[in-house]
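First comes the structure, then the notes that go with it.
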Amino acid sequence: MDTIFALATSRGKAGVAVIRISGPLAHAAAARLGGGDLSARGMTLRSLRDESGAALDDGLVLTFAAPASFTGEDVAELQVHGSVAGVSAILSALGRVPGLRLAEPGEFTRRALENGKLDLAQVEGLADLIDAETEAQRKQAHHLLQGALGDLAEGWRRDLIRAAALIEAVIDFADEEVPTDVTPEVRQLLDRVDADLTRETAGVRMAERIREGFEVAIIGKPNAGKSTLLNALAGREAAITSEHAGTTRDVIEVWMDLAGLPVTLLDTAGLRDTEDAVEGMGIALARKRAEAADLRVFLAEPGEELEVAWRAGDIRARPKADRLTEKSGAISGLTGEGLDWLVAEIGRELSDRSASAGIATRDRHRAAMERARAGLDAARSILERGPEMYDIAAEELRNAIRALESLVGRVDVENLLDEIFASFCLGK
Ligand SMILES: Nc1nc2c(c(=O)[nH]1)N(C=O)[C@@H](CNc1ccc(C(=O)N[C@@H](CCC(=O)O)C(=O)O)cc1)CN2
Ligand SMILES: Nc1nc2c(ncn2[C@@H]2O[C@H](COP(=O)(O)OP(=O)(O)OP(=O)(O)O)[C@@H](O)[C@H]2O)c(=O)[nH]1
């Protein structure tokens, strides 16, 4: 097994930078730069030198002995000053140590997976945690990293294994007088797992929104103040505003952390009948994006006809509050009036929906759970046809069990790994 190394912190000026080394030569390599033996697990301040004895930096050297490390291998960390030149000098010196090579993106985590330190769903959680930019994303990713999905899958797997064992006992003792009516218990086990899988599968959609972000479209007539509102919420001039109706034509997207939730706000072309071909294209695009968005904020007076279908949870805000005497439900991007109310409304609606998010967060999870349910449903209906069909039912249950195992990467995932690790940053 190669010994690999990489900068684990991000490149650039920083207080401290961490260089990680993992593999059989990790401790020897750290000792070589750090001037002498290191304890199997510990932390010492060393003067780091290259092979000619020239000083590189003073740094903390941490050692972890296999298997008690992040990767499960011998690991050493060099915690050095976060200097661009200092870090490159140390990385070059490590590159000259025979037997060491630079790690590929995600390679440390890949080893942690191979050594059973993390399951596949935890690896996905780790990737999400590193990407997390809002509180909701952090919580969701941390839950996954802690192994919540693996725990769930393990519980279901145990139930299905018990159900399969009950069925197989009937097959094995078919000629003998054993209490053969195992179907009530089997049915109960299958019903329970089915209900859990149904709930978890339904929660993936919302969990995906938290992972990827919600789209909130601002729509209304030309000149309603959509771009001004977007800029006020974003806190910067993301979109051009003008008194000229029909200013915005493309969809302008602004990412923001809205009450802990990841939101992409969309500013769209004002909706009206127009002779202008380019504006017309902008309006068509506005409708399309507004319809596909998770939530629509209509800048419109009560009773004003809306040109995009209203859906439950959508919000109507009256434009240009500063010109109104009756202020309820009105906002102004120009004066800031009503913006707290609007942000709270959007936040409340999206967090209500987020409550239905499950632990599973990806298409891959949904697909595995759907395969498990298909096997389980097939087993359940085959069981009804009587004991002569039990072996086929047991086979369907084994398919369901395999699908659950793929959730945490116990089986069938070799071809997925490259894809999953490709998105990792170097040093992770
Ligand atoms: N300096 C440093 N900080 C870090 C990490 C790291 O690798 N290095 N981590 C990297 O992601 C995270 C912490 N994750 C870690 C997970 C496991 C082990 C580890 O040594 N596990 C052993 C021993 C456990 C123990 O001491 O109780 C094990 O699991 O056997 C270390 C860090 C965040 N902070
Ligand atoms: N009094 C007042 N004027 C506003 C307010 N918001 C925007 N305006 C003005 O209304 C005009 C249109 O504002 P925009 O934000 O460009 O409107 P829009 O809805 O994006 O317009 P289109 O791009 O044409 O669809 C500009 O002159 C703004 O300064 C507001 O809250 N109060």
Side-chain angles (χ1 to χ4, degrees), residues 1-118 122-123 126-132 145 417-428:
M1 181 61 74
D2 290 352
T3 296
I4 53 173
F5 69 93
L7 178 65
T9 47
S10 67
R11 211 164 272 280
K13 206 183 279 202
V16 175
V18 177
I19 294 165
R20 242 193 200 160
I21 315 169
S22 181
L25 299 177
H27 291 189
R32 204 166 151 138
L33 270 69
D37 283 350
L38 297 157
S39 63
R41 183 167 184 147
M43 173 167 63
T44 21
L45 178 62
R46 292 284 168 106
S47 164
L48 305 176
R49 294 174 184 281
D50 69 11
E51 62 279 15
S52 71
L56 295 170
D57 193 6
D58 296 331
L60 287 173
V61 181
L62 276 66
T63 45
F64 303 77
S69 71
F70 173 75
T71 57
E73 303 178 322
D74 276 353
V75 167
E77 281 184 10
L78 308 177
Q79 305 202 345
V80 300
H81 294 102
S83 135
V84 172
V87 166
S88 15
I90 295 166
L91 291 175
S92 321
L94 283 173
R96 293 192 299 270
V97 175
L100 261 63
R101 67 165 170 84
L102 199 61
E104 283 161 27
E107 200 171 3
F108 292 96
T109 307
R110 192 170 190 142
R111 291 186 175 190
L113 176 74
E114 280 160 6
N115 292 324
K117 290 286 173 184
L118 299 172
Q122 288 178 294
V123 167
L126 180 54
D128 290 350
L129 183 61
I130 289 171
D131 286 339
L145 173 61
L417 295 183
D418 289 333
E419 186 186 319
I420 288 171
F421 285 109
S423 66
F424 267 71
C425 32
L426 208 66
K428 195 66 223 178

Glu77 vs Ser69 side-chain heavy atoms within contact, under 4.5 Å: no
Testing Val97, Asp74, Leu25 for side-chain contact (heavy atoms from CB on, under 4.5 Å) with Thr3, which one passes? Leu25
CG (Asp57) and CD1 (Ile90) are apart, to the nearest 0.5 Å, by 5.0 Å
Return the NZ to OG1 distance between Lys117 and Thr109, rounded to the nearest 0.5 Å. 13.5 Å
Output for pair (Arg101 CZ, Glu107 CD), nearest 0.5 Å, gives 4.0 Å
Work out which heavy atom in Ala30 is nearest to a heavy atom in Ala76; give both atom names and the distance. CB-CB, 3.6 Å
Taking the side chain as every heavy atom from C-beta outward, state whether Phe64 and Phe70 have any pair of such atoms under 4.5 Å apart. no
What is the distance from atom CG of Leu94 to atom CD1 of Ile21, rounded to the nearest 0.5 Å? 4.5 Å
Measure the spacing between CZ of Arg49 and CG of Leu56 and express it to the nearest 0.5 Å. 8.5 Å
Where Leu48 and Gly34 come nearest, the two heavy atoms and their spacing: CD2-CA, 3.8 Å
Rounded distance [0.5 Å steps], CZ in Arg32 versus CZ in Arg96: 10.0 Å
Can you tell me if Arg11 uses its side chain to pair, donor with acceptor, with the backbone of Val87 under 3.5 Å? no
Are any non-hydrogen side-chain atoms of Leu145 and Leu118 less than 4.5 angstrom apart? yes
Smallest heavy-atom separation, Ser22 atom then Val75 atom, equals OG-CG2, 3.7 Å
Checking side-chain contact (heavy atoms from CB on, under 4.5 Å) between Gln79 and each of Val16, Ile19, Val61, Leu45, which is the one that passes? Val16
If we only count heavy atoms from C-beta on, is the Ile4 to Arg111 side-chain gap below 4.5 Å? yes
Residue pair Leu91 / Leu7: nearest heavy atoms and the distance that separates them: CD2-N, 4.1 Å
Quick check: does any side chain N or O of Thr63 sit under 3.5 Å from a backbone N or O of Gly42, one acting as donor and the other as acceptor? yes
